[in-house]
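Just so it is clear: chains get the letters A, B, ... in the order the sequence lines come, proteins before strands, and each one is counted from 1.
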Amino acid sequence: MYRHLERRLAERVRDFVRRSYSLDLPKIVIEQPPKVELGEYALPLAFELAKNLRKAPRNIAQEIVAGLGPIEGFEKLEAAGAGYVNARVNRAELAAAVASDVKPRYEIPAGKILVEHSSINPNKAAHIGHLRNAILGDTFVRLLRFVGREVDVQNYIDNTGVQVADVVVGFLHLEKKSKSDIEQLARQPRFDYYCWDLYARASQWYEQDKQNLSARQQVLHAIEEGKNQTAAIADVISVSVLRRHLETMDRLDIKYDFLPRESEILHLHFWDAAFTKLKDAGVLYFESEGKNKGCWVMRRAGKKAETTEAAENTEEVAEEDQKVIVRSNGTVGYAGKDIAYHLWKFGLLGRDFGYRKFYKYPNGHDCWISTTVGALDHPHFGDVAEIYNVIDTRQSEEQNTVIEALRALGYGQQADHYTHFSYEMVALTPACASELGYDLSEEDKARSYIEVSGRKGFGVKADDLIDTLISSAAKEVDSRHAELGVEERRKIATQIAIGALRYFMLKFTKSSVIAFDFKEALSFEGETGPYAQYAVVRATNIFRKGGIDPDEFMRTMERELAVEDWKKYLAGDEANEIWELWLAAAKTSYVIDQCIATTEPAYLAKHAFQLAQLFNYFYHRHPILAEANQSRKKFLLATTAVVRRELMRALAVMGIVVPPVM
RNA sequence: GGGCCCGUAGCUCAAGCGGAUAGAGCAUCGGAUUUCUAAUCCGAGGGUUGCAGGUUCAAGUCCUGCCGGGCCUACCA
């Protein structure tokens, strides 16, 4: 509704400027006045027009206000400040619309969306960096589904790479374990923790003696080949660790639909199909000289062909601008496989995975995995209209290479709908690192943050963090609600812990490195998930104490409150404080649109916090159940009900549920 | 060398496309409720937005040059 009004205002102003001044403004800037007293929308367009019209901005603003006439949904416009045009909405009308939850018609673009996130190497436990990825990705999925889009969630599994190979090396060369030993270990509860340590040990072992690296080469080769004992061991490891990842993420209510694996990309020869296309289109070419002699290369993303050079030179790409796709020994690198995979995503490869069910979530949802020969009856994956890849910013260049390859193949449309959802890493503060018992160099101590490293076994494991959060929340719950049963208290503590964690990962903008610190992450006060959850609990308590069902109240509210009541309680400056709360509540779907358009979930976190903050202030100032005036009491209850609904909505999109009590 | 990102209060972060007095949280100090639970609320102090120019009616935001930090730049994945 809020967005609807904004659009209407912009159109009317644009019309007016065209008619009165014969000027076509490409965009009408609309923002919010610094205070609600000044209205809901502010237009600084008079400043821009001043040059063309050779008039003072203030005068232009007054002309616009005088000439525009009434606009549906608005009470009035006024010139303010040095030349702003401020618009005041009809408060009662907007409030009534928000209360009855009317949603203006919304055009949902056609086509399915594929979101890929998590993509953790299946060779060790997930850590806090993976949590940021998964929480950002899952929240973005929820955002898209909220606005009615159909979304498939994929988690790409690199089960044939160096990282898995290193753990295989650890088992075979350091621990001298047999396949059945490993199978037995893999059935232990936290096998991923075992691998975490072993992976670090294997990495150390390579550093002790570079000769040891030959073991990795052998294992890697055997895995790629397939159908041998080593490959079978790698499969046991990667499948078991993958299961653990799914369990860890499900603790946060993060679920996947399909797990495409690199092994199938290899064995189903996705690359061969892509290679043919790339060669035929001239995107890849054979280098016969220099450093990259014998390789198939493509132009590095972002490097334009020198069109000013003579025509014969356009095919010449400087060595440093070449990206090797196929090595001189004939093997294909990661980028090549990724190009093939992305052709599949858009339904352009002409090949498909085999599929089988892999994991059934407690709620009944099936997660599928790729196989060479699969079930005949399976959902249709891939062949989508838009894709989002939640991958950290360090892989920007790699992502751009894939996009450029698509574009060069003539798939411009698809390249335009390929979004690298890029975000910064989670690192540790030096204080946090030493807290965890890591020895730091003087140089490291001086840094503002230290990167986590799976190779060094250096980081905070996801399950550990979740466990710590739950026990920390449990302490609080136990001290407040001794009357509740153990199970119930545990459940509440878990909801609070998840709320805290998910909010923590979402409150930072994507481009900010999170310097992880336990004190901050374990906080349940201030700008945190529990703060917002608590606001909802308070709102719920009012209804419970009052013996009113909030949802039932929402439905009957319109009949109960007359139009005059809305006007009476929202009009004038003395109502500004409550109106601010209504206005914030009206913005949820507007904010959600912004989050999608900018691929930035942090705005929603900020919105939820602001709504909670305004509500807490309201809660403090108005004893609602004690209100003697019955119609005013209903109005205050309506305010509470609407804020409660919008806050729960925003939190749900962030994957945060609200406990019954706190 | 080239590319991308960052630098805002003691700390951690915000600040739609350039707009009105740069905002939150934490920490510190001081206060509040016999009430719908204080995981709350109110108040105070705290800023030359890294530096220097430029564009503009208007710059934390755009441009140029410095300073400082991070990441990418493999025939790794």
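- Nucleic acid contact for A/V513: sugar-phosphate only, since backbone atoms but no base atoms lie under 4.0 Å from a heavy atom of the residue.
- Taking only side-chain atoms of A/S512, from C-beta outward, the nucleotide of B/A14, B/U40, B/G70 with the closest atom is B/A14.
- Between A/Y423 and B/C71 there is no side-chain polar atom (N or O) within less than 4.0 angstrom of OP1 or OP2.
- Counting only heavy atoms from C-beta on, A/E397 has its side chain closest to B/C72 among B/C36, B/C72, B/C57.
- Between the base of B/G16 and the side chain of A/Y590 there is a donor-acceptor pair shorter than 3.5 Å.
- For the pair A/I514 CD1 and B/C13 P, the interatomic distance rounds to 8 Å; values are reported in whole Å.
- Note on A/F524: a base of the nucleic acid sits closer than 4.0 angstrom, heavy atoms only.
- You'll find that the side chain of A/K27 is closest to B/C17, out of B/A77, B/C26, B/C17.
- Among the atoms of the strands shown, none is found under 4.0 Å from any heavy atom of A/Q533.
- Taking atom P on both B/C17 and B/C63, the two are 14 Å apart, rounded to the nearest angstrom.
- Across all strands, A/Q594 comes closer than 4.0 Å to base atoms (heavy-atom distances).
- Pair assignment for B/G68 gives B/C6, based on Watson-Crick or G-U wobble hydrogen-bonding distances that are each under 3.5 Å.
- Under 4.0 angstrom from either OP1 or OP2 of B/A77 there lies no side-chain N or O belonging to A/Y334.
- At the heavy-atom level, A/Y449 lies under 4.0 Å from the strands shown only through sugar-phosphate atoms.
- Checking B/U61 for Watson-Crick or G-U wobble geometry (two distances, each under 3.5 Å) identifies no partner in any strand.
- Following rounding to the nearest Å, A/E424 (CD) and B/A14 (P) show an atom-to-atom distance of 12 Å.
- OP1 or OP2 of B/G70 lies within a sub-4.0 Å distance of a side-chain N or O belonging to A/R447.
- Between A/F618 and A/H622, the ring center distance clears the sub-6.0 Å criterion.
- Between B/C6, B/C72, B/A39, one nucleotide has an atom nearer to the side chain of A/M662 than all others, and that is B/A39.
- When heavy atoms are screened at a 4.0 angstrom cut-off, A/F47 is found touching base atoms of the nucleic acid.
- Within the 4.0 angstrom heavy-atom criterion, no nucleotide atom of any strand lies near A/Q610.
- Atom CG of A/L53 and atom C1' of B/C57 are 14 Å apart (whole Å).
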(request) Go through the steps to decide whether A/V390 and A/E116 satisfy the test side chain to side chain contact (heavy atoms under 4.5 Å, CB included), and finish with yes or no. (result) CA-CA 6 Å; A/V390 182; A/E116 175 187 321; over 6 Å; no

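- Separation of the P atoms belonging to B/U56 and B/U48 is 28 Å when rounded to the nearest angstrom.
- In the interface, the side chain of A/S328 is paired with the base of B/C75 through a donor and an acceptor atom under 3.5 Å apart.
- Contacts of A/R621 with the nucleic acid, taken as non-hydrogen atoms under 4.0 Å apart, are absent.
- When distances run from any side-chain atom of A/E527 to the nucleotides B/C75, B/G25, B/A20, the shortest one goes to B/G25.
- The NE2-C1' distance, from A/H622 to B/C41, rounds to 13 Å in whole Å.
- Salt-bridge formation is detected for the pair A/E627/A/R632: a Lys NZ or Arg NE/NH1/NH2 atom is positioned less than 4.0 Å from an Asp or Glu carboxylate oxygen.
- Counting any heavy atom pair closer than 4.0 Å across all strands shown, A/A42 reaches a base atom.
- If you check B/U48 for Watson-Crick or wobble pairing at under 3.5 angstrom, you find it has no partner at all.
- Using a 4.0 Å heavy-atom criterion, one finds that A/K291 contacts the bases of the nucleic acid, with or without backbone contacts as well.
- Between A/R480 atom CZ and B/A39 atom P the separation is 4 Å, expressed in whole Å.
- Base contact: A/N86 has a heavy atom under 4.0 Å from a base atom.
- The same atom, C1', is picked in B/A27 and in B/G10; the two are 8 Å apart, to the nearest Å.
- Separation of the A/F609 and A/Y531 ring centroids falls under the 6.0 Å cut-off.
- Remark: A/R455 fails to qualify as a cation-pi partner of A/Y199 under the 6.0 Å distance and 45° angle criteria applied to the six-membered ring.
- Here A/Q613 lies in heavy-atom contact (under 4.0 Å) with sugar-phosphate atoms only.
- In this structure B/G23 sits in a base pair with B/C13, meeting the Watson-Crick or G-U test at under 3.5 Å.
- With both ends at atom C1', the span from B/C13 to B/U49 equals 14 Å, rounded to whole Å.
- With B/C36, B/C75, B/U21 as the candidates, the nucleotide lying closest to the side chain of A/P623 is B/C36.
- Using atom C1' as the reference point in both B/A24 and B/C41, the two lie 16 Å apart (nearest Å).
- In summary, A/R300 and A/E397 engage in a salt bridge, as defined by a charged side-chain N under 4.0 Å from a carboxylate O.
- Atoms NZ (A/K323) and P (B/C72) sit 13 Å apart, rounded to a whole Å.
- Side-chain atoms of A/I496 lie closest to B/A39 of the nucleotides B/A39, B/C41, B/C26.
- For the C1' atom pair drawn from B/C57 and B/G3, the interatomic distance equals 36 Å after rounding to whole Å.
- Using a 4.0 Å heavy-atom criterion, one finds that A/H481 contacts the bases of the nucleic acid, with or without backbone contacts as well.
- Candidate nucleotides B/G70, B/U40, B/A27 were compared by shortest atom distance to the side chain of A/H620, and B/U40 ranks first.
- Judged by closest nucleotide on RNA chain B, A/V661 is the one of A/Q163 and A/V661 placed further toward the 5' end.
- Of all nucleotides listed (B/A77, B/A24, B/C71), B/A24 comes nearest to the side chain of A/F609.
- Under the Watson-Crick and G-U wobble criteria, each requiring two contacts below 3.5 Å, nucleotide B/G30 is paired to B/C42.
- Residue A/V591 is out of contact with every strand shown, counting any heavy-atom pair closer than 4.0 Å.
- Distances were taken from every side-chain heavy atom of A/I542 (C-beta onward) to each of B/C36, B/A77, B/A74; the shortest belongs to B/C36.
- Taking atom CD of A/Q399 as the reference point, atom C1' of B/C71 lies 16 Å away to the nearest angstrom.
- The two atoms that bring A/R3 and A/Y590 nearest to each other are CB-CD1, 3.6 Å, heavy atoms only.
- Taking the C1' atom of each, B/U21 and B/G2 are spaced 43 Å apart, rounded to whole Å.
- The side chain of A/N329 places no N or O atom within less than 4.0 Å of a non-bridging phosphate oxygen (OP1 or OP2) of B/C75.
- Under the 6.0 Å cut-off for aromatic ring centres, A/Y334 and A/Y341 do not qualify, their centroids lying 6.0 Å or more apart.
- Taking 4.0 Å as the cut-off between side-chain N and carboxylate O, A/K337 and A/E262 count as a salt-bridged pair.
- Using P as the reference atom, B/A15 and B/U55 are 29 Å apart when rounded to the nearest Å.
- Under the side chain to side chain donor-acceptor pair (under 3.5 Å) rule, A/S263 has a single partner from A/N159, A/D158, A/T160, which is A/N159.
- Between A/K519 and B/C11 there is no side-chain N or O to OP1 or OP2 distance below 4.0 Å.
- In this model, the phosphate group of B/C76 is not approached by any side-chain N or O of A/R216 to a distance below 4.0 Å at OP1 or OP2.
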